[in-house]
2 protein chains.
Amino acid sequence: MAQNTAPTLEDVALRTGVSTATISRCLNSPDRVSEKTRVRILEAVKELGYTPNFNAKALAAKRTNTVGAVIPTMSNAIFALGLQAFQETLTENGITLLVASSSFEREAEATQIRALVAKGADALLLIGDERDQETYDFLQSREIPYVISWNYRAHKNHTFVGFNNRKAAYLIAKQVLNLGHKKIGMISGVLSNNDRAFDRVQGVKDAMAEFSMIDSDFICQEASYNFDDAGHALDTILESNIKPTAIICGNDVLAIGAITRAKALGLNIPDDISITGFDDIEISSIFTPPITTVSVPHTTMGRKAAETLLEMMHSDDRNLSLELETSIINRGSLSAPRNGR
Amino acid sequence: MAQNTAPTLEDVALRTGVSTATISRCLNSPDRVSEKTRVRILEAVKELGYTPNFNAKALAAKRTNTVGAVIPTMSNAIFALGLQAFQETLTENGITLLVASSSFEREAEATQIRALVAKGADALLLIGDERDQETYDFLQSREIPYVISWNYRAHKNHTFVGFNNRKAAYLIAKQVLNLGHKKIGMISGVLSNNDRAFDRVQGVKDAMAEFSMIDSDFICQEASYNFDDAGHALDTILESNIKPTAIICGNDVLAIGAITRAKALGLNIPDDISITGFDDIEISSIFTPPITTVSVPHTTMGRKAAETLLEMMHSDDRNLSLELETSIINRGSLSAPRNGR
DNA sequence: TATCATTATGTAAGCGCTTGCATTCTTATA
DNA sequence: TATAAGAATGCAAGCGCTTACATAATGATA
């Protein structure tokens, strides 16, 4: 029974006695075909187990109803959530999402972008705006609309749908400083090829400048996205001669790692040291202590990014940037400096 | 400068004065073309910014060097890890991974499988073996090799590369029973369309049978993959008249949710109640209390699944099933029953 | 230098679909 | 019943590539 080769439009045509053109129409815009033939065609399609060949379709039609997304990594809850909403919104509109990951590497990202375009992606979702001009030129020459998400920057070159990392970091840092902390430590995510992480550091620096703080009041350590690395970063910070009373972390995973390490060192949080996070992942609210962090509208962002992209695919309006708001969630890990420190 | 249409092989041909066939060869098997022309061609390719059209390529070559994977959900660290390894192994072999998600829905999964095949996936990675025969028939008629992962079942119909969920659950349940627990609660993941969750429940039942325990010694509640739901499941279990002294959870997220709820109820773990997990996600070791759980070889599984698939794409040996081992990680959340209960 | 095996390139026929244009049916209208 | 408008269908030309097969160029050998 098994026919080792997929049935084609032609096979369906032969079996129904109509032309391939009619079948194509029947499948793509059913109302352009008479009911009688439609029924007959659909029957044959089912019997043969016919599935349209996507590649042939894309080649002939010059569009794919496919949108591509290049994200830094799949194994990060942060992207998963936003992407989920992005995907759902696309699906509702009959569009398929193709996801590729860049491992935070510039070169790999450029390659993936080209690969997605080669596969016929009609539009793209990109994370952050930090990439070679060459890549942007390529996108422009191919007339591929794209939305930049997970960050918002105040310039008009691109369409952003995201939140302002710099501003959000500035706000939480300001809160820390308002509580009276004079020496600040920061554990940042890896900065290379990551404008979100970079902007979060900048935001903290903005707040420090506002409080007239100087370099020797601040120490910043990079750590990769896992608990252990954050712990080591905390060690380094504590060993320095800055002696910060508060540690601002670039994300919640780093905050959890830092808190865990601090607890292991016998430090009480927030009495001995305050630690803040960023992202508000699910675990942050039930961790001990619960983490004061920045809540980010992932779902909204994903949905809005999709909607914006959809709009760009139809009109070619490029002034659709959208800045989303973040908010600070106060839980237990931040307080005024205590214990005489 | 921007040409709104992508350059084609023909454009490169025109510019270099050789035929499209030579260019195709130059790009796909460089050594079949003389050095002189190769250099000239690559130059033109670069100047024009030529990128091969993937769809045309797939159509003409009847293969895509693409492997598809249909996973239940993207937003689950468990799949992310294995998939990462799977992807890396494929990439090393020049193969691209296409991921689709089914949201744990049978119908959606069947659709995604067809879509992936329609896109030309040369082979497939599937999670668990629970799907309609129709889908398997389809795969067979199209001669698409596939590997079933994240579970291992002892029958020969399919190629499995995974661990035996039933056996692993049996082993941890046995350990719980050996400690002297007489009444057992279980918080399982949602069972519908999830053979892994199902087998974990079966494994626990296997152990209970071995200890001659009866229905009234056991209560099982389903909960979806989040902390709150697990907490509610725990409430239900505690309100029942079984009064278990140990709760076996179908995965670590449920265990964390249950522990959090238990702590909120003023229960001490493991003194008042023991709670075990499954999967050994990163947070489990640093949570309070650290969670006794089952360690699963995600990375190895992903890599082996890829290697197996690669082999199936070359030979058509179908007896490549591979059972991977799990191990129990003893941390603080499980002890013998105490406090007089 | 003639001969033959290699190597390099060209020719052209598809791959399975969509779609503009042409043709044939229907059906309503006069 | 003749006629025109509109609906349904068919024809056939691609879409951008790969790949038999054919041909031309290059060397090695005698």
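Protein chains get the first letters and strands the later ones, always in sequence-line order, with residue 1 at the start of each.
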Chemist: Taking only N and O in the side chain of A/T37, is any of them less than 4.0 Å away from OP1 or OP2 of D/dT9?
Modeler: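 It does, given that an N or O in the side chain of A/T37 lies less than 4.0 Å from OP1 or OP2 of D/dT9.
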Chemist: Can a side chain N or O of B/T22 be found less than 4.0 Å away from OP1 or OP2 on C/dG10?
Modeler: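 Indeed, a polar side-chain atom of B/T22 lies that close.
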Chemist: Please report the distance, rounded to the nearest Å, between CG in B/L59 and P in C/dC17.
Modeler: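 Rounding to the nearest Å, CG of B/L59 and P of C/dC17 are 9 Å apart.
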Chemist: Which is true for A/G120 with a 4.0 Å heavy-atom rule: it touches a base, it touches only sugar-phosphate, or it touches nothing?
Modeler: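 A/G120: no heavy atom of the nucleic acid under 4.0 Å.
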Chemist: If the test is side-chain contact (heavy atoms from CB on, under 4.5 Å), which one of B/N65, B/T64, B/N28 qualifies with B/K57?
Modeler: B/N28
Chemist: Give the nucleotide from the list C/dG16, D/dC11, C/dT9 with an atom nearest to the side chain of B/K62.
Modeler: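 Shortest atom-to-atom distance from the side chain points to C/dG16.
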Chemist: Rounded to the Å, how far apart are A/K119 NZ and D/dC17 P?
Modeler: 16 Å
Chemist: So, applying side chain to side chain donor-acceptor pair (under 3.5 Å) with B/R106, which one of B/T111, B/T135, B/D132 is it?
Modeler: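 Considering B/T111, B/T135, B/D132, a side chain to side chain donor-acceptor pair (under 3.5 Å) with B/R106 is found only for B/D132.
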Chemist: Among D/dT19, C/dT18, D/dC15, find the nucleotide with the atom closest to the side chain of A/A61.
Modeler: C/dT18
Chemist: Whole-Å distance between C/dC17 P and A/E10 CD?
Modeler: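 The distance from CD of A/E10 to P of C/dC17 comes to 9 Å, rounded to the nearest Å.
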Chemist: So does B/F198 have more than 12 non-hydrogen atoms from other groups sitting under 6.0 Å from CZ?
Modeler: no
Chemist: Under 4.0 Å between a side-chain N or O of B/S24 and OP1 or OP2 of D/dT18?
Modeler: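 It does, given that an N or O in the side chain of B/S24 lies less than 4.0 Å from OP1 or OP2 of D/dT18.
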Chemist: Between the side-chain atoms of B/R32 and the base atoms of C/dG10, is any donor-acceptor pair under 3.5 Å?
Modeler: no
Chemist: Would you please classify the geometry between the B/H155 ring and the B/F160 ring as parallel, tilted or perpendicular, with 30° and 60° separating the classes?
Modeler: perpendicular
Chemist: Once the angle between the rings of A/F163 and A/H298 is folded into 0 to 90°, is it parallel (under 30°), tilted (30 to 60°) or perpendicular (over 60°)?
Modeler: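 A/F163 vs A/H298 ring planes: perpendicular.
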Chemist: Kindly say whether A/N157 contributes a backbone atom to a donor-acceptor pair with the side chain of A/Y136 at under 3.5 angstrom?
Modeler: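 Such a contact is absent between A/Y136 side chain and A/N157 backbone.
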Chemist: Students often get this wrong, so: under 4.0 angstrom with heavy atoms, is A/F54 touching a base, only sugar-phosphate, or nothing?
Modeler: nothing
Chemist: Picking from C/dT11, C/dT18, D/dT9, which would you name as closest to the side chain of A/T20?
Modeler: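 Nearest to the side-chain atoms of A/T20, counting from C-beta on, is C/dT18.
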Chemist: Report the distance from atom NZ of B/K36 to atom P of C/dT9, rounded to the nearest whole Å.
Modeler: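 Nearest whole value for this atom pair: 8 Å.
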Chemist: Quick check on C/dT18: is either OP1 or OP2 less than 4.0 Å from any side-chain nitrogen or oxygen of A/N28?
Modeler: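 Yes, within the criterion.
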Chemist: Looking at D/dG16, D/dG10, D/dT19, which one has an atom nearest to any side-chain atom of B/R63?
Modeler: D/dT19
Chemist: For D/dG16, does OP1 or OP2 lie under 4.0 Å from any side-chain N or O of B/T8?
Modeler: no
Chemist: What is the bend of the helix from C/dT1-D/dA30 to C/dA30-D/dT1 when you compare the axis at one end with the axis at the other, using five pairs each and rounding to 10°?
Modeler: 40°
Chemist: Could you check A/R25 against A/L9 and say which one's nearest nucleotide on DNA chain C is further toward the 5' end?
Modeler: A/L9
Chemist: Ignoring hydrogens and geometry, is there a side-chain-to-backbone donor-acceptor pair from B/S315 to B/M312 under 3.5 Å?
Modeler: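 Here the side-chain-to-backbone pair does not exist.
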Chemist: Base, sugar-phosphate, or nothing: which does B/S34 touch, judged by heavy atoms less than 4.0 Å apart?
Modeler: sugar-phosphate
